[in-house]
Structure formats: structure tokens, C-alpha cells
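Proteins get letters first, then strands, A, B, ... in listed order; numbering begins at 1 in each. Worth saying up front: this structure is predicted, and the values here are computed from it rather than measured. Side-chain atoms are counted along with the backbone in the values below, which use heavy atoms only and exclude waters and symmetry mates.
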2 protein chains.
Amino acid sequence: MADNYSLPDKVHVAVDVVLFTIQRSELKVLLVKRLIEPFAGGYALPGGFVLADESLEHAAMRELQEETGFKAHYLEQLQSFGDPGRDPRGRVVTVAYFALLPSEQTIQPGTDAVEAGWFSAHAAPALAFDHDRILAVALRRLQWKLDYSGVGFDLLPDRFTLSELQAVHEAIHGHPLDKRNFRRKLEAGNQVAETNEMKPTGRKPARLYRFIGPR
Amino acid sequence: MADNYSLPDKVHVAVDVVLFTIQRSELKVLLVKRLIEPFAGGYALPGGFVLADESLEHAAMRELQEETGFKAHYLEQLQSFGDPGRDPRGRVVTVAYFALLPSEQTIQPGTDAVEAGWFSAHAAPALAFDHDRILAVALRRLQWKLDYSGVGFDLLPDRFTLSELQAVHEAIHGHPLDKRNFRRKLEAGNQVAETNEMKPTGRKPARLYRFIGPR
DNA sequence: ACAAAAGTGTTCCATATACACCCATGT
DNA sequence: ACATGGGTGTATATGGAACACTTTTGT
């Protein structure tokens, strides 16, 4: 770490959170409406500045909670974005986070501070700052993680049917999957265990499963 | 992005660079000796503070160049580290970068500003700050990228033998690979093309290859 | 009875792994 | 001539992809 340079006190650090959920088998992302300039009236990812004594993760959780009322079920760092000029107010480096919310909890957000809402993740409106780019990176990461870890479970309640889980995967990848292949892979992965409970579906009842093992 | 919070002007932004190279079939990482407190006399990753009007990538390249004289062949963002307390001087969020240098260029670094040197990446000394953690993350990323992209080529001169390339993979993964399987996978990947040149090896000459196609 | 989603196996193909010998050169 | 690393093929195991019918319930 160089000590032979004076500190540039004008660089600020923010966090932004890409919170995904599933609603009616569609992948949604949480956006907030900006009330003030710049980009007033436009949509942006929830986020804000990091406080002097909190970790980056804490800042991400706090901003999400304060701005939208939601508490993410899964949170991981995505990438940092710091091009000069990405924020017209000054030099802001943002650490982007990627978060998931189980579908049961996606009630409409409490409009405490700002207007927030769920938008189709695959067809989101144009966003403020470089948030389009951040969203695109988050989407790719989500698709990737889905195949290589059990991250899909964080989008469902703790008891779920296999068809519901498959719908999550289909919504994220944007194309249909083969039911039998999907189930075989799940068995092999030892990530789900059946329960004794059945879910009445209106037609033939479906067995409920629960998540086990490491994600 | 929250506007209802005053900006915490005490958060500084730095970059740190994990520069890998191959020397005598061993994976090495570039470390600098710290001349002043904190951690004076200890080793650390090269890095320093981001200037007000440069991109994060630019800061990474600049600090590497200034501190060690090296110019990375490949540079990509790794992850950001920002726990309060990671730097005893104050609140510093660092954006870590991951970089590669072809083995031909790993002459001893110019000791302009600080003492720098190459250390075994798998058995590096204890590092200042949280740089051990950063190095560990970089190593995992390197191993991962090696299998899923042509990143290994950035560690070799632009003409290389297949045995040299295999040695790079073995050094990074830390275990031997099967020669025929390794070569078959390369062919399938369409990432290398043979040249007409042969490299005299002291024994049977080896064909030189060059990198083609996307990495 | 019928509509609708739940559940269940097999075949085929591609990719990964294990393994051993001859070749060309410099000394 | 011999020592050294360069170069080459085959057989087996494993994982992914394609594909259709029966079952159970509510109406």
C-alpha cells in the first residue's frame, strides 16, 4: 500500500443492492424511484453511502432495510464500480451486492422513505447511474450460481414442491427445463429431502421438500 | 442511492494488486516490503490509494507500475475488502485486482520506490493488513479461471511449447496432469495453433504454439 | 368423465479419465 | 549408444440431453 501519496478525500464509498425474488414464476428485481436529482423520477437500485464504522455487508443490509423495508435472505458481494463520472455528484465508488428474498416474503414494500417496487429482472426499465450494468452483472452471476450451488433455495419458502423449484430455475434461465432431468440432478446433489407433507394444488397434491446440506 | 445521509468523508479507497507469474515452473506472487508503519518490515501486496480522477483499473495499473515497475498483461477485478479495522490508520476500503505477467518478463523488479520480490504463491509469508485473505481469494480465482478460460496464456511468452503450458497448469493447481488428456482438451478448445517454429530444448526439439481465439 | 399437474426410466451422446510406448535429438 | 523430454491412441466411466406415459385429485 503506497504511503507516498496524499489521500484523495473526495472519493466516497457506497453500496448498491440487487435484490431478486420470484413472483408468479417470474424473476423480479427491487427498484426504488429517485425523488431528487440526479435522475429524479428515474429508477435505481437501493443503496447508499457506507458509514465510517460499519462493514460493507452491514451497509448493504442496512440500506436495503432502510430504503425498502426488506431483509435479504442471502447476500454476497458482486463487484465494485468506480469509473469517474458514474455519479454526477462526485467521485463515488460503489460496492454492488447481490441478494435474494424468498417469494413468500415479497409483499409490497413499505413505502417508508422512497417508492420501491418489483420489476421484471429480464425487462427492467432504464436505470439511473450505471445501475443497468450492475443489474446485468448480477443477472449473469445469479444464473451462474444457480447451476453451481443451491442458491435457488433462497428464493423459496423452506417447504416447497419440486415443480416450484423448477419454475425458479426456468424463470432465472429464461427457458424451460426437462422435468425428469431436473429431478434426477437434484437427487444426485443431495440438496433436498422429502418431507411427509403434501401441498394441495387444486389437482393432484404435490410432495413438499425441504433444503438440506451445504449450499 | 440514499441521499438522506451525510457523506462519511473518512472512508478512503485503495487498490491492491495480486500479480502472479511463473518462474522455473513455480507459481509466484509479487510482494513488496513495507518501509514504514504499520507493518513496517513486513510484506504486503502492491497497491495504494485511488486518485480522484482515475478509474479503479487505472489506479491498479498505476500503483503496480510505480511500486514495482511491472506492467500486468492481464488485469481483472477480484473483490473489495472493507472491514472496519482492516487498516489501523483508518477506514480504508480496498478494491483487489488479480493480474498476470508472462514468465519471460519476470526479471527482478526495479527497486525504485520499495523493495519488491517474487514469492511462492502457495507458500507466501504472512502478509500485512488482510492481504493473506486477498491472496487466498486470488489463488482460488486463478485456479478456477484456468479451467474455464484461456487465462493461462497470459503467463507465457506468445510462443510456447505445450509442455510449458502444461507446467503452468500444474504449477497453479499443484498436482500433475496427464499429458495426452491435457493436449486433447487443448485441441478441442481451439485455443492454440501450431507454428512452424521448433524450440531447441537440448533434447528432441519441441513445437512452438501460439494463442488464438477468445479467452 | 375429464382436465390438469404430479410423478417416473431408458437410450444415446459427449466429455473426462486412466494408461504405455516409440521418436528425435544432443552428448 | 544412451539419456531425455517430445509426441501419440484406445478403452472405460461418468454426466448431460432427449423423449412419453400413467397417476391422482377436483370439478
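Counting to the nearest Å, the P atom of C:dG7 and the CZ atom of A:Arg207 are 8 Å from each other. At whole-Å resolution of the value, CZ in A:Phe182 and C1' in C:dA6 are 14 Å apart. Summarising the geometry, the separation between CG on A:Leu177 and P on C:dG7 is reported as 17 Å, rounded to the nearest angstrom. Between the CZ atom of B:Arg183 and the P atom of C:dA16 there is a distance of 18 Å, given to the nearest Å. In this structure, the CG atom of A:Leu186 is 12 Å from the P atom of C:dG7, given to the nearest Å.
Shown here are the side chain to side chain donor-acceptor pair (under 3.5 Å) partners of B:Glu197, two or more places apart in sequence or in another chain: B:Arg159. Residues satisfying the ring pair (Phe, Tyr, Trp, His ring centres under 6.0 Å) test with A:His173, not counting sequence neighbours, are A:His175. Residues satisfying the side chain to side chain contact (heavy atoms under 4.5 Å, CB included) test with B:Lys179, not counting sequence neighbours, are B:Gln166, B:Arg183. With sequence neighbours excluded, no residue forms a side chain to side chain donor-acceptor pair (under 3.5 Å) with A:Gln191. By the ring pair (Phe, Tyr, Trp, His ring centres under 6.0 Å) test, A:Phe81 pairs with no residue at all, sequence neighbours left out. Evaluation of the ring pair (Phe, Tyr, Trp, His ring centres under 6.0 Å) rule for A:Tyr74 yields no partner, not counting sequence neighbours. For the ring pair (Phe, Tyr, Trp, His ring centres under 6.0 Å) test, no residue two or more places apart in sequence or in another chain qualifies with B:Tyr209. With sequence neighbours left out, the side chain to side chain contact (heavy atoms under 4.5 Å, CB included) criterion links A:Arg91 to A:Val11, A:Pro84, A:Val93, B:Val50, B:Leu56.
Taking the six-membered ring where tryptophan is involved, the planes of A:Phe211 and A:Phe153 are tilted, since the angle between them lies from 30° to 60°.
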Identify all pairs in which a protein N or O lies below 3.5 Å from an N or O of nucleotides 24-27 of chain C, and state each distance.
{"from": "C:dG26", "atom 1": "O4'", "to": "B:Gly202", "atom 2": "O", "distance (Å)": "2.8"}

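Comment: B:Lys28 engages B:Glu26 in a salt bridge, judged by a side-chain N to carboxylate O separation of less than 4.0 angstrom.
Remark: B:Ser163 in residues 153-170 of chain B come within less than 4.0 Å of DNA chain D through at least one heavy atom.
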Quick one, give me the B/S/- string for nucleotides 10-21 of chain D, reading 5' to 3', where B means a protein heavy atom under 4.0 Å from the base and S means that only happens at the primed atoms, P, OP1 or OP2. B------BBBB-

Show me the donor-acceptor pairs within less than 3.5 Å that the side chains of residues 199-208 of chain A make with the rest of the protein, sequence neighbours left out.
{"from": "A:Lys199", "atom 1": "NZ", "to": "A:Glu164", "atom 2": "OE2", "distance (Å)": "2.5"}
{"from": "A:Thr201", "atom 1": "OG1", "to": "A:Arg203", "atom 2": "N", "distance (Å)": "3.3"}
{"from": "A:Thr201", "atom 1": "OG1", "to": "A:Lys204", "atom 2": "O", "distance (Å)": "2.8"}
{"from": "A:Arg207", "atom 1": "NH1", "to": "A:Thr195", "atom 2": "O", "distance (Å)": "2.8"}

